[in-house]
2 protein chains.
Amino acid sequence: MRKVELYDTTLRDGAQTEGISYSVSDKLRIARKLDSLGVHYIEGGWPGSNPKDMQFFKEIKKSHMKNARICAFGSTVRAHTTPAKDANIKALLKAETEVVTLFGKSWNLHVKYVLKTSLDENLKMISSSIAYLKKKGREVIYDAEHFFDAAKDDFDYALKTVLAAEEAGADIIVLCETNGGMIPSAVAGIVRRVQPKIKAPLGIHTHNDCGMAAANSIAAVEEGCEHVQGTMNGYGERCGNADLIVCIGNLKLKLGIDCISDTQLKKLTEVSHYISEVSNMRHQNNQPFVGESAFAHKGGVHINAMVKHPLTYEHIKPDLVGNKSRFLVSELSGRTSILLKAKELQLGLKKEAPHTKKILKLLQDLEHEGYQFEAAEGSFELLMKKAMKKYKKFFDLEGFRVIIEKEKDGKVTSEAAIKLKVNKIEEHTASEGDGPVNALDNALRKALLEFYPALAKMHLTDFKVRVLDERVGTAARVRVLIQSQDEKDSWGTVGVSENIIEASWQALVDSVEYKLLKDKR
Amino acid sequence: MRKVELYDTTLRDGAQTEGISYSVSDKLRIARKLDSLGVHYIEGGWPGSNPKDMQFFKEIKKSHMKNARICAFGSTVRAHTTPAKDANIKALLKAETEVVTLFGKSWNLHVKYVLKTSLDENLKMISSSIAYLKKKGREVIYDAEHFFDAAKDDFDYALKTVLAAEEAGADIIVLCETNGGMIPSAVAGIVRRVQPKIKAPLGIHTHNDCGMAAANSIAAVEEGCEHVQGTMNGYGERCGNADLIVCIGNLKLKLGIDCISDTQLKKLTEVSHYISEVSNMRHQNNQPFVGESAFAHKGGVHINAMVKHPLTYEHIKPDLVGNKSRFLVSELSGRTSILLKAKELQLGLKKEAPHTKKILKLLQDLEHEGYQFEAAEGSFELLMKKAMKKYKKFFDLEGFRVIIEKEKDGKVTSEAAIKLKVNKIEEHTASEGDGPVNALDNALRKALLEFYPALAKMHLTDFKVRVLDERVGTAARVRVLIQSQDEKDSWGTVGVSENIIEASWQALVDSVEYKLLKDKR
C-alpha cells in the first residue's frame with residue numbers, strides 16, 4: 001500500500017485569508033484538532049515574522065501531539081550571508097521545532113526581480129541554509145516556491161535548485177504551484193519530468209487560482225508525490241490553498257491511499273466545521289465531502305431514485321467521512337445525532353429513558369424554527385439540562401424595555417431598562433449602548449454583577465446575525481449567534497426570533513447562564 | 001483554433017441548490033445576462049416538471065437573444081410508450097424551443113433499480129425519443145446520465161446507449177459525470193476510449209462532489225470534448241455543478257480556446273456577481289478569477305514582490321476577467337472603478353470635473369466604514385446625485401422612536417413612532433410590527449403613503465444583515481442590505497451603523513427615495 005503524508009499549513013498560509021486573524025489560543029486549538037485528525041505535519045507559523053508565532057511555538061511544546069510533528073516555516077538566508085548570522089535562520093532555530101520548512105526560489109524571474117541576486121548565489125543560499133539546519137539536527141522540508149512556473153520558464157535552472165536542496169540534505173522536496181495558474185495536465189507533466197531525477201521523497205503544494213488546487217495535488221500524487229500540503233477548508237490568500245479536507249477525501253476514497261485511518265476519516269466533517277468556527281469563517285454548504293449540503297437531495301427525480309438505491313446519486317457512503325444524507329423535503333435532526341451530541345457532553349441521555357423522546361421532539365421543533373446548535377453548544381447544554389430537570393434558574397426576568405431614538409439632527413441613541421429578581425431581591429437598572437443590543441447587554445450585566453461577580457471575568461468575542469427567510473423582508477426571522485469566553489473556556493449560544501432584540505436577548509441570557517452553571521461544577 | 005461551446009444549466013440544475021428558488025422574473029434576468037456573456041446554450045428548465053418553467057419558455061420568446069439558444073430539458077419516454085403519447089415529450093414540444101436536451105440512462109444499475117425495465121428497452125427509449133424530436137425539427141442534445149459510473153461498470157452497454165443516441169440523430173452527445181465521484185485521470189481515460197467511436201460532437205457535464213468538477217471538464221476538453229455544461233458560480237445540488245465561470249477562465253486563458261470573445265471575458269466578474277445577487281446567494285470571496293479576494297494580497301512578502309513585478313504572485317492580469325488586484329493594507333476603491341460605475345448609471349461624472357475628487361473621497365470614506373455599493377446600486381445612485389446636487393429631498397425626518405418591550409410572561413412587542421414633514425405638512429404616526437425594523441418600516445410607509453401613493457406598488461424582497469467586526473461583540477457595526485422591487489424594476493440599498501435600527505433606517509429611506517426618484521424620470 002502506497003503511503004502519502006499530510007502537511008497542514010492552515011496556521012501559516014491559511015492565516016493569510018482575508019478576514020482570518022488567529023490568536024495564539026486559536027492556533028493551539030486548531031493544532032490539537034489537526035493532530036486528532038491524524039495530520040503528519042503542522043506548520044505553526046513563521047517565527048521570524050511576528051511575535052505571536054514565536055509564542056505559539058513556545059506554548060505548543062506543552063501539548064503532547066499524538067500524530068503530528070510541528071514545523072517552523074521560513075526562508076533561505078539572505079544573499080551573501082552565512083546561515084549562522086541570518087536573523088531568519090536564527091529565529092527558525094529558536095522556535096525549537098523538530099522540523100523546519102524552508103522555502104527558496106526556483107524561478108529566475110523571482111531571483112532577478114525580488115531577490116535581485118545571481119542565479120548561482122540563489123543556489124548557494126539554498127544549499128547553505130539546508131546544510132546548516134541539518135547540522136543542527138532538524139528534519140528539513142524544502143518548499144521550492146513557484147516551481148511549476150519556473151520549470152515552464154527554464155526547466156534546467158528549476159531542476160538545479162531542487163538538486164541543490166537534495167544534495168544539501170533536504171529530507172523532503174516540495175514542488176510548489178505558488179501562483180495557482182496551472183491545470184492538472186501541466187502539473188502532471190512537470191512532476192513526470194522531475195520525478196526520475198530526484199531520490200528524495202517529493203511533495204506537492206498548490207493554490208486554487210484556477211479552481212484546480214485539489215485536482216493538481218491528486219494529479220501530482222498519481223505521478224509519484226508522497227507528501228501533500230494544504231489547508232483546512234482551503235483557506236489561504238487570494239483563492240486559497242489546496243483544501244486538505246478535499247485532498248484527504250480523494251486520497252482515501254478515490255486513490256485508496258491510507259493517509260489517515262478509517263476512524264480518523266470519520267472525523268473529517270466535524271474537524272472541518274470546528275476549524276471554520278475557530279477561524280470565524282462561514283462553513284461552505286457545498287464543500288465536497290463535509291458540507292451540510294454535500295449529500296443533500298432536492299430534485300424529485302433524485303430523491304425518488306435514492307429511496308430505490310443509495311448509490312444512484314451518491315458517490316460514497318456519507319458516514320465514511322462523518323457526514324449524512326439529507327432529503328430536503330424533511331430535514332429534521334436524527335435521533336442518533338442528538339444522542340451522540342448528548343453523549344459528547346456527558347449528559348447521560350439514554351435512548352430508552354422516558355423523557356428522551358420528548359427532548360428529541362423539542363430539539364427538532366427548535367431546529368425547524370431556525371435554531372442551530374452546531375455552533376451553540378452552550379445553548380444546547382442548557383436546553384438539555386432544562387429538559388432533564390438538571391437546572392436551576394439564576395434569575396427571573398420581570399421585563400425589559402429598549403428605546404431607540406433618532407432626533408432631527410440625526411443623532412441616534414439607544415437605552416435599555418431592565419427589571420429582574422435574584423433570590424427575590426429585585427434589581428431595576430438601565431444602561432445606554434452602541435445600538436440596542438449593546439445597551440441591553442450592558443443593562444443585563446449591570447443588573448447581575450453584584451449577585452454574580454464572576455460575570456466580570458467573561459466577555460463576548462463574537463456576534464453574528466443571520467436573516468433566515470430573507471425574502472419576507474423586514475419581518476424575517478433572525479438567528480443570533482454569540483460566542484463568549486472567560487480565561488478558561490469559550491462557548492457559543494443562540495437565539496431566534498422575528499425580533500432581533502429578542503433573539504439577541506435569548507443568546508445573551510444563555511451565555512450568562514452557561515458561565516454561571518459552568519463555574520458551579 | 002479549436003472551438004468549444006458553452007451550455008449553461010443554472011436555471012435548471014442550479015435551481016436545485018439548497019436555498020435557491022427562482023421566480024420567472026429571476027430566470028428571465030439571468031437568461032439575458034447569460035446571453036450578454038456569450039453563452040451558446042441556456043437550459044431554461046424542465047417544462048414537464050412545473051408550470052413556472054413553462055411560463056419562462058413563454059416569456060423568453062419575447063427577448064431577442066444575441067448569442068444563446070434556449071433549451072428545454074426533459075427525460076426520454078417512459079418504457080413501452082411511443083413518444084407522441086408521452087406527457088413529458090409533449091411538454092418538451094409545447095415549450096417551443098429551438099433546442100431540446102434529453103437525458104437518458106447509461107448505467108445498468110439505474111435501468112434495473114430506477115427505470116425497472118430491460119437494458120434493450122432502455123436503448124429503444126433513447127432511440128425513439130430522439131428520432132421523434134428530430135422529426136419535429138428540434139436540435140437535440142443528448143445527456144448521457146451517469147455515463148462515467150456506467151462505463152466503469154459495463155463499458156460496452158454504456159457505449160451502446162450513446163451509439164443509439166447518435167444513430168437516432170442526436171446533434172451533440174454529452175457524457176455526464178452525474179454523481180461527481182471521479183477524478184480527472186479517470187474522466188480523461190473514459191473520454192479517450194469513447195472519443196474514437198462517436199462521430200457526433202462530444203460534450204461534458206460534471207458535478208463537484210470530489211471538488212474536481214472544473215478540472216474534470218478541462219480534462220475532457222483536452223481529450224476532445226467540444227461542449228461544456230455547467231452553472232454560474234457552480235450552483236447545483238449537493239456540492240454543485242462545474243462552475244462555468246471557472247471553466248470559461250481556464251478555457252480562454254489556459255487552453256487558449258475562444259469560447260467567448262475577449263470583450264465578453266471582461267464581463268466575467270460582473271456577471272458572476274450579478275447572478276449571485278439574483279440568486280440570493282453570498283458571492284464567494286475566494287472564487288477563482290472573479291472573487292473579491294481572487295487577486296487580493298495580504299502576506300507582506302507577496303505585496304513586497306508584487307510591487308516589484310506583477311507576475312510574481314498573479315497567474316493572469318486580473319483585468320482580463322474584469323477583476324482587480326487589491327492590496328489589503330489599503331483597500332480603497334480606485335477612481336477608475338467608480339468612474340466606470342458612474343458611467344454605467346449615465347450620471348455623466350467626468351474625470352476632470354471639479355467635484356469628482358470630492359465624490360471619490362466620500363465614496364472611499366463610506367467604503368472604509370463598511371458601506372458596500374456592489375449590491376446597493378440604488379444607494380449609490382442616490383449618493384452620487386446628492387453629491388452632484390441633482391437631487392431634491394422627498395421628506396424631512398423630525399425624529400423617530402422605536403420601543404421594544406418584553407414582559408414578565410415572555411411577550412415581546414415592538415412599536416415605532418415617526419414624525420416627518422412633506423412640503424411643510426407634518427405627519428406624526430405610529431405602527432407596530434414583527435420586530436423593531438418591521439415596525440419602523442410600517443410606520444415610515446404609513447406616514448408617506450398619502451403624499452406618495454406610488455409607494456403602495458413597491459415592496460421589499462430581501463433583507464440581509466451582516467455583522468462587520470464580529471469580534472467586538474454586541475457593539476459591532478452592522479451592514480443592512482435591502483432589496484426592493486415594483487412591477488418594473490428591482491433595486492438594492494444599504495445602511496451601516498453600530499445600531500441595527502439606524503442601519504436599517506438608512507437602507508429603508510434609500511429604498512423609498514429611489515422608488516420616488518425613479519418614478520419622476
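Sequence lines set the chain letters: A, B, ... in the order given, protein chains first and strands last, and positions in each chain run from 1. Bear in mind the structure is a predicted one, so any value in this text is a computation, not a measurement.
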Does any heavy atom of chain A fall under 4.5 Å from the side chain of B:L397, the backbone, both, or neither of them?
both
So, for B:H315 and A:F148, is the gap between ring centers shorter than 6.0 Å?
no
Go through the steps to decide whether A:K406 and B:I501 satisfy the test side chain to side chain contact (heavy atoms under 4.5 Å, CB included), and finish with yes or no.
CA-CA 10 Å; A:K406 179 157 183 162; B:I501 309 300; over 6 Å; no
Part of B:Q284 within contact of chain A (heavy atom distance under 4.5 Å)
side chain
Given that the side chain runs from C-beta out, which part of A:K254 has a heavy atom under 4.5 Å from chain B: side chain, backbone, both or neither?
side chain
Measure B:K112 against the heavy atoms of chain A and call it side chain, backbone, both or neither at under 4.5 Å.
neither
Tell me, for B:L255 versus chain A, whether the close heavy atoms (under 4.5 Å) come from the side chain, the backbone, both or neither.
side chain
Side chain to side chain contact (heavy atoms under 4.5 Å, CB included) between A:N438 and B:E498, worked out:
CA-CA 9 Å; A:N438 189 235; B:E498 296 100 27; over 6 Å; no
Determine yes or no for a side-chain-to-main-chain donor-acceptor pair under 3.5 angstrom, with A:N250 supplying the side chain and B:C210 the backbone.
yes
Contacting moiety of B:E145, where chain A heavy atoms sit under 4.5 Å:
side chain
N/O donor-acceptor pair under 3.5 Å between A:H146 side chain and B:T312 backbone
yes
For a side chain to side chain contact (heavy atoms under 4.5 Å, CB included) check, start with the C-alpha distance between B:E405 and A:F400, then their side-chain angles and the critical distance, and finish with the verdict.
CA-CA 6 Å; B:E405 274 189 299; A:F400 68 69; over 6 Å; no
Under 4.5 Å from any heavy atom of chain A - which part of B:H207
neither
Please test A:N499 against B:I404 for side chain to side chain contact (heavy atoms under 4.5 Å, CB included), starting from the C-alpha separation and ending with a verdict.
CA-CA 9 Å; A:N499 189 318; B:I404 306 106; 3.5 Å; yes
